[in-house]
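Fair warning: this is a prediction, and the values are worked out from it, not measured in the lab. Positions are given from 1, in the same order as the sequence printed here.
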Amino acid sequence: RDRLRLLLDVTNHLTSNLQLHDLLQATVTGVRRVMQCDIVTVHLPNAESTHLRAYGLDFPGSNWIVDDALWEPVEGTLHGTVFRSAKPVVVARINATQYPVEAEFLASIGISGGCIVPLIHRGRVLGNLGLGRREEVAYTGEEVEFLMQFGTQLAIAIENALTYSHVAGLKDKLAQEKIYLEDEIRTEHNFEEIIG
């Protein structure tokens, strides 16, 4: 029942929230509450898809959206593996030899393993949703299936928010160019000297 409520909440955010920051904050908090996990992250790629950035992070004592730092390369990381393959990965304990960057960070906050699912929309991976637990308890197939469904909804919401941000930026740029052109026309044709 809680899981269905979470899907409904994301759908509501999808239609009513176009700010990426607010969307991710509500999402990571809701997922941690429903999925019995100790940490939730949302990773999105840079323009070249060479690095992933933790945009949303929620764990006990902290709930924040990352404004800078916490970039990790796609190559050689567990999040990168999921991003490239578009397939979920479940580990009860992360392999520190194979994924040293993530293992070090998770160990520093007491997380042993978890589940990472790709956020897929229109056949394209937009990023990853990661959940972690302090206990070495692997996620079940049913939980992973639900997270994949949830990830599809979240991917739509993220794409809408990113598109809105891009369009808003273009609108602002167009407004600035309009002001500049109006000033240029006034200056070139000496309209300011015309009395009537």
Side-chain angles (χ1 to χ4, degrees), residues 1-35 37 39-59 63-68 70-91 99 102 114-132 139-172:
R1 185 177 183 136
D2 287 340
R3 292 178 185 175
L4 292 176
R5 179 73 187 161
L6 180 60
L7 283 176
L8 180 60
D9 287 347
V10 170
T11 302
N12 288 338
H13 284 295
L14 174 84
T15 58
S16 65
N17 196 341
L18 293 174
Q19 298 297 325
L20 185 62
H21 178 278
D22 296 338
L23 171 70
L24 293 180
Q25 189 165 18
T27 299
V28 295
T29 303
V31 170
R32 192 166 71 83
R33 187 184 71 242
V34 170
M35 291 304 297
C37 56
I39 184 172
V40 178
T41 62
V42 175
H43 283 71
L44 302 178
N46 62 356
E48 300 81 23
S49 295
T50 58
H51 286 76
L52 295 170
R53 179 178 173 188
Y55 275 83
L57 178 64
D58 181 88
F59 64 93
N63 179 330
W64 46 280
I65 303 301
V66 180
D67 292 321
D68 49 44
L70 287 186
W71 284 95
E72 62 183 64
V74 169
E75 294 301 321
T77 62
L78 190 54
H79 273 281
T81 301
V82 172
F83 181 73
R84 291 266 194 241
S85 69
K87 292 182 169 62
V89 170
V90 177
V91 292
Y99 304 111
E102 289 155 316
C115 174
I116 302 172
V117 296
L119 303 175
I120 303 171
H121 181 56
R122 295 182 181 163
R124 187 170 68 100
V125 180
L126 299 180
N128 294 336
L129 173 68
L131 285 73
Y139 283 84
T140 66
E142 180 185 328
E143 289 173 316
V144 173
E145 184 178 331
F146 167 76
L147 288 170
M148 289 294 290
Q149 291 173 353
F150 175 77
T152 300
Q153 293 294 97
L154 180 56
I156 294 168
I158 288 172
E159 185 166 64
N160 284 348
L162 291 173
T163 301
Y164 174 78
S165 175
H166 180 70
V167 169
L170 291 175
K171 181 182 172 190
D172 289 344

Identify, with sequence neighbours excluded, every residue that meets side chain to side chain contact (heavy atoms under 4.5 Å, CB included) alongside [X].
X    : value
E159 : H121, R122, R124, L126, T163
V90  : C115, A138, Y139, V144
S49  : P45, F83

Contact between [X] and [Y] at the side-chain level, heavy atoms closer than 4.5 Å - yes or no?
X    : Y   : result
L78  : V91 : yes
M35  : V40 : no
V117 : V82 : no

Check your understanding: Does any N or O in the side chain of E102 come within less than 3.5 Å of the main-chain N or O of H79, such that one atom is a donor and the other an acceptor?
Key ->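 Answer holds: yes.
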To the nearest 0.5 Å, what is the distance between [atom1] on [X] and [atom2] on [Y]?
X    : Y    : atom1 : atom2 : answer
Q149 : F146 : CD    : CZ    : 7.5 Å
L131 : I116 : CG    : CD1   : 9.5 Å
L129 : M148 : CG    : CE    : 10.5 Å
H43  : R53  : NE2   : CZ    : 11.0 Å

Exercise for review: Just jot down the side-chain hydrogen bond (donor to acceptor under 3.5 Å, both in side chains) partners of T140, sequence neighbours excluded, or say none.
Suggested key: E143
Exercise for review: Kindly write out the residues that satisfy side-chain hydrogen bond (donor to acceptor under 3.5 Å, both in side chains) with T50, not counting sequence neighbours, or none if the list is empty.
Suggested key: N46
Practice item. Mind checking salt bridge (Lys or Arg N to Asp or Glu O under 4.0 Å) for E142 and listing every partner two or more places apart, or none if nothing turns up? Key: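 Testing E142 for salt bridge (Lys or Arg N to Asp or Glu O under 4.0 Å), a comparison that skips the adjacent residues, returns R3.
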Exercise for review: Report the C-alpha separation of V74 and L52 in whole Å, then their side-chain angles, then the decisive distance to 0.1 Å, and conclude whether the side chain to side chain contact (heavy atoms under 4.5 Å, CB included) test is met.
Suggested key: CA-CA 6 Å; V74 169; L52 295 170; 3.9 Å; yes
Revision key, fill the gap. Contacts satisfying salt bridge (Lys or Arg N to Asp or Glu O under 4.0 Å) that involve residues 77-89 (not counting sequence neighbours) are E75-R84
Exercise for review: Looking only at non-hydrogen atoms, find the nearest pair between C37 and G132 and report the distance.
Suggested key: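 What the structure gives for the nearest pair is CB-O, 3.4 Å.
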Exercise for review: Among I156, V125, L154, N128, find the residue that satisfies the side chain to side chain contact (heavy atoms under 4.5 Å, CB included) test when tested with L119.
Suggested key: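 The single option meeting the side chain to side chain contact (heavy atoms under 4.5 Å, CB included) with L119 is L154.
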